[in-house]
Amino acid sequence: MQRVAQLDHPEVREVVASHHCVVRFRQRRPVAERGVVAVAEALVAALEHADVSRWPPAWAVSDRHPELWAVAGDLAFPLERTDRPGRWLATTCLSR
């Protein structure tokens, strides 16, 4: 089940999470409720409350250099453009 996070940002209107991102989010931010829906809702909520920046947080170590980052507290999501204008892909979930 793929949910889309809606953002109010000039470049980033929507964010979808890759499968890898969902797996890493579940490892780094355990969700108390069981089920796919609870995890999807928690991930979308984190993305919708994230600050989008061109700079990663100092603690985010990655071998890639994404154009944008979505940072929500102690979670960071590298973002890649998709072929749909305004829609970005969160490729993974990093934590402090």
Side-chain angles (χ1 to χ4, degrees):
M1 170 182 290
Q2 186 176 50
R3 301 265 174 115
V4 178
Q6 305 293 320
L7 280 76
D8 184 21
H9 184 272
E11 293 177 79
V12 182
R13 306 304 292 165
E14 300 176 336
V15 177
V16 294
S18 69
H19 175 74
H20 178 78
C21 180
V22 174
V23 169
R24 291 293 183 239
F25 178 79
R26 290 183 77 176
Q27 291 172 341
R28 290 171 168 87
R29 179 64 56 92
V31 176
E33 296 178 43
R34 291 181 175 225
V36 174
V37 173
V39 172
E41 288 175 353
L43 178 52
V44 166
L47 288 167
E48 288 183 340
H49 289 95
D51 292 317
V52 176
S53 172
R54 297 202 181 283
W55 302 100
W59 50 264
V61 178
S62 175
D63 58 347
R64 296 182 183 181
H65 302 287
E67 190 174 343
L68 294 173
W69 289 81
V71 180
D74 61 351
L75 298 177
F77 303 90
L79 302 178
E80 288 185 6
R81 287 184 188 271
T82 68
D83 58 355
R84 186 170 166 180
R87 180 176 274 203
W88 292 71
L89 177 70
T91 57
T92 193
C93 175
L94 304 173
S95 65
R96 185 180 305 226

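FYI, side chains are in, hydrogens and waters are out, and symmetry mates aren't considered; it's all heavy atoms of this structure.
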Donor-acceptor list for residues 42-51 side chains, cut-off 3.5 Å, not counting sequence neighbours:
residue: Glu48; atom: OE2; partner: Gln6; partner atom: N; Å: 2.9
residue: His49; atom: ND1; partner: Ala45; partner atom: O; Å: 2.7

Report all side-chain donor-acceptor pairs from residues 75-83 shorter than 3.5 Å, counting only partners two or more places apart or in another chain.
residue: Arg81; atom: NE; partner: Glu67; partner atom: OE1; Å: 3.1
residue: Arg81; atom: NH2; partner: Glu67; partner atom: OE2; Å: 2.8
residue: Thr82; atom: OG1; partner: Arg84; partner atom: N; Å: 3.2
residue: Thr82; atom: OG1; partner: Arg84; partner atom: O; Å: 3.3
residue: Thr82; atom: OG1; partner: Arg87; partner atom: O; Å: 2.7

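Heavy atoms only, all atoms of each residue included: Arg3 and Val37 are closest at NH2-CG1, 3.7 Å. In plain terms, the two heavy atoms of Trp59 and Asp74 that are nearest each other are CH2-O, 3.4 Å.
Evaluation of the side-chain hydrogen bond (donor to acceptor under 3.5 Å, both in side chains) rule for Thr91 yields no partner, not counting sequence neighbours. Every residue two or more places apart in sequence or in another chain was checked for a salt bridge (Lys or Arg N to Asp or Glu O under 4.0 Å) with Arg24, and none qualifies.
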- Query: Under the side-chain contact (heavy atoms from CB on, under 4.5 Å) criterion, do Glu11 and Arg54 qualify, and how do the steps go?
  - Reply: CA-CA 11 Å; Glu11 293 177 79; Arg54 297 202 181 283; 2.7 Å; yes

- Message: Test side-chain contact (heavy atoms from CB on, under 4.5 Å) on Leu94 and Trp69; report intermediate values, then the result.
- Response: CA-CA 11 Å; Leu94 304 173; Trp69 289 81; 3.8 Å; yes

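Here Cys93 contributes atom SG and Arg26 contributes atom CZ; the two are 12.5 Å apart, rounded to the nearest 0.5 Å.
Looking at Leu68, Val71, Val15 one by one, the single match for side chain to side chain contact (heavy atoms under 4.5 Å, CB included) with Val52 turns out to be Leu68. Evaluated for a side chain to side chain contact (heavy atoms under 4.5 Å, CB included) with Leu89, the options Ser18, Pro66, Cys21 yield exactly one hit, Ser18.
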